[in-house]
Amino acid sequence: MSDKFNGKVWVLGDDIDTDIILPTEYLALKTVDDMKPYAFSPLRPELAAKINPGDIIVAGKNFGCGSSREQAPEVVKALGIRCIIAKSYARIFFRNAINNGVLLIENDKIQDLVKEGDDIEVTVGEKISANGNDVSINSLPDNLVEILNAGGLVKAMRKRNGLD
Amino acid sequence: MGYTAIEKIIGRNVNKKVHAGEIVMTNVDRVMIDDIMVAFVKEKFEEMGFKKIWDPEKVVLIYDHFLPASQVDDTRQFKAGNEFASKYNISHIHRSDGICHQLMPEQGYVKPGDIAFGTDSHTVTYGCVGAFSSGIGYTEMAGILGTGQLWVKVPETIKITIDGKLPSNVTSKDIILKIIGDLRADGATYKCLEFCGSTIFNMSVAGRMTMSNMVVEAGAKCAVFTADEATCEYCGLEYNDNIKELAADYDAVYVRELRYDAKDFVPVLACPSQVDNIHPVKEYEGIAVDQVFLGSCTNGRLEDLQTAAAILKGKKIAKYLRFIVTPASVKVYNEALADGTIKILADAGAIITHPGCGLCCGRAGGILCDDEVVVATNNRNFLGRMGTSKVKIYLASPATAAMTAIKGVISEP
């Protein structure tokens with residue numbers, strides 16, 4: 001399955017922790033849509049309002065470190081972020097993102113080739129094309145691709161329980 | 001090729017020998033769900049189409065982050081938790097007994113060799129009793145509640161050996177901060193940290209808890225302090241062959257090994273705003289402090305309160321300072337009352353609060369405003385963690401916190 005898409009880039013640094021992605025005070029808001037305006041607010045209060053569906057986050061190492069709050073990948077998904085490309089991910093965020101059907105790409109070269117606002121093209125499991133450069137990327141392990149393809153863990157479990 | 005401690009724990013659970021890198025389906029011995037996440041767990045569990053929990057006896061529900069409630073809608077989480085517990089027959093429910101990561105070992109819910117998951121990143125704490133434990137999100141928790149299982153990749157292990165006697169002003173908090181500074185915030189991502197050596201052998205289970213609690217700040221999946229006699233005494237178990245067999249083999253394979261001489265440690269701080277930004281307290285002495293916090297699942301145990309009390313006995317905190325003390329559980333609170341520790345702290349000028357997570361997660365009980373400085377014994381100094389994003393948070397040991405409370409400026413104990 002060759003999945004290809006374009007998106008506008010937002011650039012973030014290293015160690016973007018889950019308190020930055022969504023501070024604790026907004027975790028118990030009733031819906032993820034209510035949480036959206038506060039995403040990334042400790043670091044960049046203006047960012048959430050500027051993100052459009054289909055945009056791509058390019059970040060440094062250890063993206064999503066910190067707490068186990070699943071609201072973090074959920075709010076990223078609710079903002080319409082098409083995928084995150086980071087040098088590396090913290091493990092709980094990684095699992096949570098996959099379980100919510102958020103595509104994560106691990107790559108440590110693209111950061112030097114793009115700046116905020118650039119438009120880049122991603123071919124899933126194959127390459128990223130940015131400003132005339134191609135960077136190759138790996139595919140995820142099969143058990144994770146299965147969850148992603150089902151649309152997340154909830155849908156995978158519904159299937160297991162004979163509901164969909 | 002021998003087996004590491006975590007390979008042995010996981011291998012026993014899945015009933016075959018495993019090495020790092022294998023993906024296996026584990027049979028979960030215990031789960032912990034906290035008040036922030038319970039409503040979401042319930043929603044996902046029902047959306048997945050499950051009708052009953054695989055084994056309600058293995059589920060523990062703990063209210064701690066929002067206790068007592070500080071915002072209008074907080075108690076909604078308790079109501080959701082109560083409904084969930086009664087609908088699916090969960091009987092282990094703690095509504096005001098303390099912080100989840102203190103209660104799980106303290107109340108005997110986790111034992112050596114167990115596999116446990118919780119909806120909070122500091123679930124790594126239970127490695128202090130030789131269990132494999134780690135944090136997960138609410139969707140995966142819902143999956144476990146339905147199936148009793150979770151896939152994990154058997155982690156590689158970094159072996160950390162510490163030998164010798166610590167200087168008298170150094171605590172286990174200084175050790176783990178130094179190690180996080182050396183590994184960096186992502187230096188142990190996906191990995192297990194196995195702690196050994198004579199310093200660890202002679203350390204209390206409470207001291208080990210402080211260290212296992214913080215391994216996630218280096219990205220680790222889990223920590224293991226191999227169960228020994230002290231562990232078994234804490235857990236009320238006999239130190240038998242079944243437990244001894246969980247120790248790593250002499251020829252186990254490690255991805256990296258770090259060695260420390262205990263006498264080389266000094267009191268340190270994690271400076272704003274990263275947990276791996278570690279510096280000796282000495283270098284920062286004299287910085288004025290608005291508030292000192294002693295508590296949390298990292299350092300809210302009896303020995304932490306006693307360490308502070310020994311320094312504060314007969315003294316007063318600096319005049320303009322707020323000193324907030326939060327015991328980690330009701331049991332700790334009662335023990336500290338009984339032995340006079342609470343009185344010493346209160347006489348010195350401390351505000352003693354209810355056991356809970358409040359201030360550590362920036363929810364209640366002492367949040368700060370722009371440009372204020374706090375010296376705190378908890379586990380995270382992230383931007384905005386304890387108030388606004390302009391609060392400067394220095395993480396420290398209970399001893400450094402107590403000495404700083406007296407002087408009103410950052411001070412080495």
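To find a chain, count down the sequence lines: A is the first, B the second, and so on, and within it residues start at 1.
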key: Sub-4.5 Å side-chain heavy-atom contact between B:Thr147 and A:Met157   = yes

request  = To the nearest 0.5 Å, tell me how far A:Asp19 CG sits from B:Ser389 OG.
outcome  = 11.5 Å

inquiry  = What's the separation between atom CG in A:Leu153 and atom CD in B:Glu140, rounded to the nearest 0.5 Å?
reply    = 6.5 Å

query = Does any heavy atom of chain A fall under 4.5 Å from the side chain of B:Ile23, the backbone, both, or neither of them?
reply = side chain

key: Between A:Ile20, A:Asp15, A:Asn143, A:Leu163, the one whose heavy-atom pairs under 4.5 Å with chain B are most numerous   = A:Asn143

request  = Check whether A:Lys30 gets within reach of chain B through its side chain, its backbone, both or neither, counting any heavy atom under 4.5 Å.
outcome  = both

key: Max heavy-atom pair count under 4.5 Å with chain B, selected residue of A:Gly152, A:Gly162, A:Ala28, A:Ser41   = A:Ala28

task = Start with the C-alpha distance between A:Arg69 and B:Ile36, add both sets of side-chain angles, then the distance that settles side-chain contact (heavy atoms from CB on, under 4.5 Å), and finish with yes or no.
result = CA-CA 9 Å; A:Arg69 63 192 63 171; B:Ile36 295 189; over 6 Å; no

request  = Apply side-chain contact (heavy atoms from CB on, under 4.5 Å) to A:Lys155 and B:Glu47, showing your working.
outcome  = CA-CA 9 Å; A:Lys155 287 187 177 145; B:Glu47 211 181 321; over 6 Å; no

Audit row: B:Phe50, A:Arg160, side-chain contact (heavy atoms from CB on, under 4.5 Å) steps and yes/no = CA-CA 10 Å; B:Phe50 292 112; A:Arg160 174 191 184 276; 3.5 Å; yes

key: Winner by heavy-atom pair count (cut-off under 4.5 Å) against chain A, out of B:Ala185, B:Ser70, B:Gly143   = B:Ala185

message = Checking the side chain of B:Asp120 only, and the main-chain atoms of A:Ser67 only, is there a donor and an acceptor separated by less than 3.5 Å?
response = no

ask   = Rounded to the nearest 0.5 Å, how far apart are OH of B:Tyr138 and CG of A:Asn99?
value = 11.0 Å

message = Counting C-beta onward and ignoring hydrogens, is there a side-chain heavy-atom pair between A:Glu74 and B:Thr139 closer than 4.5 Å?
response = no

ask   = Where on A:Thr24 is there a heavy atom nearer than 4.5 Å to chain B: the side chain, the backbone, both, or neither?
value = both

query = Counting heavy atoms not belonging to B:Glu46, are there more than 12 under 6.0 Å from its CD?
reply = yes

request  = Using a cut-off of under 4.5 Å on heavy-atom pairs, state which of B:Phe45, B:Trp151, B:Phe40 scores highest against chain A.
outcome  = B:Trp151

remark   = Under 4.5 Å to a heavy atom of chain A? For B:Arg184 that would be neither

query = Where does A:Pro42 contact chain B at under 4.5 Å (heavy atoms): side chain, backbone, both or neither?
reply = both

key: Proximity breakdown for B:Thr189 and chain A, heavy-atom pairs closer than 4.5 Å   = side chain

ask   = Can A:Asn161 and B:Lys51 be said to form a side-chain contact (heavy atoms from CB on, under 4.5 Å), step by step?
value = CA-CA 10 Å; A:Asn161 288 329; B:Lys51 302 286 179 226; over 6 Å; no

query = Which bit of A:Leu144 comes within less than 4.5 Å of chain B, counting heavy atoms only: side chain, backbone, both or neither?
reply = side chain

ask   = So which part of B:Gln77 gets closer than 4.5 Å to some heavy atom of chain A, the side chain, the backbone, both or neither?
value = side chain

key: Part of A:Phe94 lying under 4.5 Å from any heavy atom of chain B   = side chain

ask   = Any side-chain donor paired with an acceptor under 3.5 Å for B:Ser134 and A:Arg91?
value = yes

query = Between A:Glu25 and B:Arg363, is there a salt bridge with N-O shorter than 4.0 Å?
reply = no

request  = Among A:Thr18, A:Leu29, A:Asn96, A:Asn62, single out the residue with the greatest number of heavy-atom pairs under 4.5 Å to chain B.
outcome  = A:Asn62

query = Just how far is it from atom CD of A:Glu70 to atom CE of B:Met37, taken to the nearest 0.5 Å?
reply = 8.0 Å

message = At a 4.5 Å cut-off on heavy atoms, which part of B:Ser121 comes close to chain A: side chain, backbone, both, or neither?
response = both

remark   = Counting heavy-atom pairs under 4.5 angstrom with chain A, the leader among B:Gly219, B:Gly135, B:Gly384 is B:Gly135

task = First locate atom OG of A:Ser68, then atom CD1 of B:Ile136, and finally report the distance between them rounded to the nearest 0.5 Å.
result = 8.5 Å

request  = Might you confirm whether atom CG of A:Asp142 has over 12 heavy atoms from other residues, nucleotides or ligands at distances under 6.0 Å?
outcome  = no

